[in-house]
Amino acid sequence: MATTFRTAVVRSPEGPDAIEMIEVPLAEPGPGQVRVAIAGAGVNPVDLAVAAGVFHRLGMVHQPGHTGLGWDFAGTVEAVGPGVGLPVGSRVAGLVDGFDRDFGTYAERLVIAVDDIAVVPGNLDLIAAATVPVNGLAAAQLVDLLGDGAGRRLLVTGAAGAVGAYVIPLAQDRGWRVTGLARAGDEEFVRGLGADFTTTAEPGWDAVADGAVLQERGVELVRDGGDFVGMQPGSVPVGVRGVRVRVVVARPDGARLATLLAAAADGRLPTRVHAVLPLDRAADAHRAFAGGGVRGRYVLRP
């Protein structure tokens, strides 16, 4: 077996052109860990921000050599550490969090805590499964912050986007009356999720889930004393008029991810793959994603 594997990193974060492939030593999993052969890694807005140096400038990254790219993945367990009951060969998906790290999921291999992964249902393709962890967990944790809706009105901005499309059904499960804010061309998709739809929104909502990262403009849409949950790590809008403002950052949660993967397998959560590209075309995926207008995910395949 090879003693090294390839992974995508940035040394000088200056956008897609800074992404490079390097060889790193293959590590054995320790207690409570597994090593996964990655089948696919999702490309997320946060990855573009890391490659562009956004979090370096915010003082959230201090890697002296290089910074790893990629947060979510799906693949097959190829080695397990002591105390792990998960069999080799298991199909799994998971999330690696944090900004200050020299590794990521844009890679051929990954060592990760078994508690941070979940088994992928047999009827869910690994490429599709790779699109679930970051956005699914962000949506679920966002809805947890909102709590039970009890019939209150929730506006989801960016409702046709990767996170917004997950917030809608999860919030409906908690009793919220959901309206999705998106472009006119996304109406059929948003209504297909069971939400009301609008292309413009007036103030007065009980809560706003800001998938479109409107920030202060989104806070303005919340009624006095309502709730706003944003999605821009390291940037919390100012609360006004008694609006409670919080920001969600997806965190690993293997047990919760298992329920999200089951919902994706059953069709209750949409998995939309726009294109699958080889790992060494990560820079191309970033450029294409940055161009906008994509309703679906780029997935990198080693």
Side-chain angles (χ1 to χ4, degrees), residues 42-46 48 124-125 127-128 130-132 134-143 145-146 148-223 226-232 237 243 248 250 260 263-276 285 288-299:
V43 175
N44 295 282
V46 67
L48 275 65
L124 183 61
D125 178 78
I127 295 296
T131 69
V132 174
V134 166
N135 297 310
L137 286 169
Q141 291 161 9
L142 185 156
V143 172
L145 289 174
L146 291 173
D148 291 336
R152 289 178 292 161
R153 299 169 65 239
L154 170 66
L155 178 70
V156 178
T157 74
V163 177
Y166 286 166
V167 169
I168 289 172
L170 295 174
Q172 289 169 329
D173 289 345
R174 298 287 292 269
W176 288 92
R177 289 191 294 129
V178 181
T179 297
L181 173 65
R183 299 173 183 174
D186 294 317
E187 180 173 1
E188 182 179 355
F189 173 76
V190 173
R191 290 193 183 278
L193 295 172
D196 291 331
F197 178 82
T198 184
T199 57
T200 59
E202 297 297 325
W205 300 87
D206 294 309
V208 168
D210 191 26
V213 196
L214 299 181
Q215 296 287 84
E216 283 76 9
R217 289 181 293 143
V219 175
E220 293 172 359
L221 297 173
V222 183
R223 65 164 173 79
D227 287 278
F228 172 93
V229 183
M231 298 194 55
Q232 179 115 345
V243 174
V248 67
L260 296 168
D266 291 345
R268 289 177 287 129
L269 291 182
T271 57
R272 294 173 290 166
V273 177
H274 177 74
V276 180
F289 191 14
V294 174
R295 289 294 178 256
R297 299 284 302 285
Y298 283 93
V299 178

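Residue numbers run from 1 in the order of the sequence given.
When the salt bridge (Lys or Arg N to Asp or Glu O under 4.0 Å) test is applied to R174, the partners found at least two apart in sequence or on another chain are D144, D148. The salt bridge (Lys or Arg N to Asp or Glu O under 4.0 Å) check on E216 picks up nothing, with sequence neighbours excluded. Residues satisfying the salt bridge (Lys or Arg N to Asp or Glu O under 4.0 Å) criterion with R268, sequence neighbours excluded, are D266.
Here the side chain of Q172 pairs a donor or acceptor atom with the backbone of G194 at under 3.5 angstrom. Side-chain atoms of D125 come within 3.5 Å of backbone N or O of I127 as a donor-acceptor pair.
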Open item on the list: Between L170 and L260, does the side-chain contact (heavy atoms from CB on, under 4.5 Å) criterion hold? Intermediate values first, please.
Closed with: CA-CA 10 Å; L170 295 174; L260 296 168; 4.2 Å; yes

- [ ] Could you walk me through whether V178 and V156 pass side-chain contact (heavy atoms from CB on, under 4.5 Å), step by step?
- [x] CA-CA 7 Å; V178 181; V156 178; 3.7 Å; yes

Task: Stepwise side-chain contact (heavy atoms from CB on, under 4.5 Å) check, W205 with T179 - done: CA-CA 10 Å; W205 300 87; T179 297; 3.6 Å; yes

- [ ] Test L221 against L155 for side-chain contact (heavy atoms from CB on, under 4.5 Å), laying out the working first.
- [x] CA-CA 9 Å; L221 297 173; L155 178 70; 3.7 Å; yes

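Here the shortest heavy-atom pairing between L146 and A207 reads CD2-CB, 3.9 Å. Smallest separation of non-hydrogen atoms from V43 and A285: CG2-CB, 4.2 Å. Residues L154 and W176 come closest through the heavy atom pair CB-CE3, 3.6 Å. The minimum heavy-atom distance between L124 and A128, with the atom names listed, is CD1-CB, 4.0 Å. Across G180 and V190, no two heavy atoms sit closer than the pair CA-CG1, 4.0 Å. What you find for R153 and G204 is that their closest heavy atoms are NH1-O, 3.5 Å.
The CZ atom of R191 sits 11.0 Å away from the CD1 atom of I168 when rounded to the nearest 0.5 Å. F289 CZ to H274 NE2: the interatomic distance, rounded to the nearest 0.5 Å, is 10.5 Å. Distance CZ/R297 to CZ/R272: 10.0 Å, rounded to 0.5 Å. To the nearest 0.5 Å, atoms CG (L145) and CG (D227) are separated by 9.0 Å. To the nearest 0.5 Å, atoms OG1 (T200) and CG (L181) are separated by 7.5 Å. The OG1 atom of T271 lies 6.0 Å from the OH atom of Y166; values are rounded to the nearest 0.5 Å.
Here the side chains of V219 and V208 are not in contact, with every heavy-atom distance at 4.5 Å or above. At a threshold of 4.5 Å between non-hydrogen side-chain atoms, the residues L269 and P169 count as touching.
Of the residues listed (V167, D210, V163), the one engaging M231 in a side-chain contact (heavy atoms from CB on, under 4.5 Å) is V163, and it is the only one.
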